[in-house]
Trainee: 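Here it is: the structure, laid out below.
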Amino acid sequence: QVQLVESGGGLVQAGASLRLSCAASGRAFSGYGMGWFRQAPGKEREFVTRISWSGGSTSYADSVKGRFTISRDNGKNTVYLQMNSLKPEDTAVYYCAADPWGYCSGSECYVPRWYGYWGQGTQVTVSS
């Protein structure tokens with residue numbers, strides 16, 4: 001069982017930066033792929049980024065590529081999302097998710113159903 005707790009959200013102006021953190025409980029964290037998803041009001045939850053268990057492989061949605069960076073510290077059981085050059089369209093609730101199975105590959109991992117554990121979400125609001 002893994003519990004995920006996100007933090008670091010807030011209200012910022014366009015162009016600003018934020019760093020989200022996702023603290024995980026459980027010894028198996030270091031073996032899980034981890035992802036960030038977001039959901040804006042009235043929209044479906046969408047993939048943002050993913051990092052492999054070792055941190056050696058990452059993938060990003062086109063909408064955030066070059067602006068967002070995912071990283072992890074397995075010693076601290078924490079995943080980070082550094083968000084730079086924020087835009088109003090980045091406004092959403094951001095969710096941290098853990099993939100305990102490792103069955104997906106490539107773009108398959110962009111789908112929420114491959115993630116077995118989810119945090120409660122943290123709100124990010126970007127004003128214009």
Side-chain angles (χ1 to χ4, degrees):
Q1 188 75 6
V2 173
Q3 291 186 325
L4 305 174
V5 179
E6 303 97 334
S7 61
L11 170 63
V12 297
Q13 290 189 329
S17 297
L18 278 175
R19 189 175 83 154
L20 305 183
S21 298
C22 172
S25 65
R27 292 179 294 175
F29 167 82
S30 61
Y32 293 169
M34 298 294 297
W36 286 96
F37 288 76
R38 67 186 181 186
Q39 188 166 18
K43 295 187 176 182
E44 292 187 355
R45 192 167 297 190
E46 66 172 358
F47 171 80
V48 176
T49 181
R50 175 184 169 97
I51 190 167
S52 62
W53 66 271
S54 67
S57 176
T58 59
S59 56
Y60 297 89
D62 288 344
S63 58
V64 307
K65 203 170 293 184
R67 299 188 298 122
F68 290 12
T69 302
I70 189 171
S71 61
R72 67 190 297 164
D73 185 336
N74 286 341
K76 295 182 178 179
N77 275 17
T78 302
V79 175
Y80 304 98
L81 180 61
Q82 178 67 43
M83 305 186 295
N84 298 330
S85 302
L86 282 161
K87 304 175 181 180
E89 50 264 44
D90 294 319
T91 295
V93 177
Y94 282 72
Y95 297 92
C96 173
D99 168 16
W101 307 297
Y103 294 156
C104 66
S105 63
S107 60
E108 289 179 342
C109 299
Y110 298 2
V111 178
R113 71 182 183 93
W114 290 110
Y115 296 80
Y117 301 103
W118 292 83
Q120 83 289 349
T122 185
Q123 177 70 46
V124 172
T125 303
V126 184
S127 64
S128 58

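Just so it is clear, the model here is predicted, and its values are computed rather than measured.
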Trainee: Same cluster or not: are Tyr110 and Val48 linked, directly or through other Ile, Leu, Val, Met, Phe, Trp or Tyr residues, by side-chain heavy atoms under 4.5 angstrom apart?
Mentor: no
Trainee: Looking at every non-hydrogen atom in both residues, tell me the closest pair between Ala92 and Ala40 and how far apart they are.
Mentor: CB-N, 3.8 Å
Trainee: Just wondering, do Tyr95 and Leu4 contact through their side chains at under 4.5 Å, heavy atoms?
Mentor: no
Trainee: Report yes if some heavy atom in the side chain of Phe68 is under 4.5 Å from a heavy atom in the side chain of Leu86; otherwise report no.
Mentor: yes
Trainee: OG of Ser128 to CD of Glu89: how many Å apart, nearest 0.5 Å?
Mentor: 10.0 Å
Trainee: Verify, without hydrogens or angle tests, whether Thr125 (side chain) and Thr91 (backbone) share a donor-acceptor contact under 3.5 angstrom.
Mentor: no
Trainee: Hey, any chance Val124 and Val79 share a hydrophobic cluster, counting ILVMFWY side chains that come within less than 4.5 Å of each other, even indirectly?
Mentor: yes
Trainee: Taking disulfide (SG to SG under 2.5 Å) as the cut-off, I'd like each qualifying pair that reaches into residues 2-65, sequence neighbours left out, listed once.
Mentor: Cys22-Cys96
Trainee: Quick one, Glu6 and Tyr94 - any side-chain contact, counting heavy atoms below 4.5 Å?
Mentor: no
Trainee: For a side-chain contact (heavy atoms from CB on, under 4.5 Å) check, start with the C-alpha distance between Ser63 and Arg38, then their side-chain angles and the critical distance, and finish with the verdict.
Mentor: CA-CA 12 Å; Ser63 58; Arg38 67 186 181 186; 3.5 Å; yes
Trainee: Under 3.5 Å, is there a donor-acceptor pair between the side chain of Ser85 and the main chain of Gly15?
Mentor: no
Trainee: A side-chain contact here means heavy atoms from C-beta on lying under 4.5 Å apart; do Gln3 and Val5 qualify?
Mentor: no
Trainee: Do Tyr115 and Arg50 get their side chains close enough for a donor-acceptor pair, meaning under 3.5 Å?
Mentor: yes
Trainee: Report the residues that fulfil ring-ring contact (aromatic ring centres under 6.0 Å, His included) with Tyr117, sequence neighbours left out, ordered by chain and then residue number.
Mentor: none
Trainee: Please work out which of the three classes, parallel, tilted or perpendicular, describes the rings of Tyr103 and Trp114, given edges at 30° and 60°.
Mentor: perpendicular
Trainee: Taking atom NZ of Lys76 and atom OG of Ser30, what is their separation to the nearest 0.5 Å?
Mentor: 16.0 Å
Trainee: Closer than 3.5 angstrom, by distance alone: can the side chain of Asn77 be matched with the main-chain N or O of Ala24 as a donor-acceptor pair?
Mentor: yes
Trainee: How far does OG1 of Thr69 sit from CZ of Arg19, to the nearest 0.5 angstrom?
Mentor: 11.5 Å
Trainee: Indicate yes or no for a side-chain donor-acceptor contact from Asn74 to the backbone of Trp53 under 3.5 Å, with no hydrogens or angles considered.
Mentor: yes
Trainee: What pairs meet the disulfide (SG to SG under 2.5 Å) rule with one or both residues in residues 97-128, with sequence neighbours excluded?
Mentor: Cys104-Cys109
Trainee: In terms of hydrophobic clusters joined by side-chain contacts under 4.5 Å, are Val2 and Trp118 together?
Mentor: no
Trainee: Measuring from Ser59:OG to Phe47:CZ, what's the distance to the nearest 0.5 Å?
Mentor: 3.5 Å
Trainee: Are the side chains of Ile70 and Tyr60 in contact, using a 4.5 Å heavy-atom criterion?
Mentor: yes
Trainee: Looking at Gly116 and Trp101, what are the two nearest heavy atoms and their distance?
Mentor: CA-CH2, 3.5 Å
Trainee: Is there a path of hydrophobic side-chain contacts, each under 4.5 Å between heavy atoms of I, L, V, M, F, W or Y residues, that connects Phe37 with Val64?
Mentor: no
Trainee: Validate the cation-pi geometry between Arg72 and Phe29: distance from NZ or CZ to the six-membered ring centre under 6.0 Å, angle to the ring axis within 45°.
Mentor: yes
Trainee: Heavy-atom distance under 4.5 Å between the side chains of Met83 and Leu20, does that happen here?
Mentor: yes
Trainee: Near Gln123 CD, under 6.0 Å, is it more than 12 heavy atoms from other residues, nucleotides or ligands?
Mentor: yes
Trainee: Other residues, nucleotides and ligands only: do more than 12 of their heavy atoms fall within 6.0 Å of NZ on Lys43?
Mentor: no
Trainee: For Gln13, is the CD atom crowded, meaning more than 12 foreign heavy atoms sit under 6.0 Å from it?
Mentor: no
Trainee: Any ion pair linking Asp90 and Lys87 (charged N to carboxylate O, less than 4.0 Å)?
Mentor: no
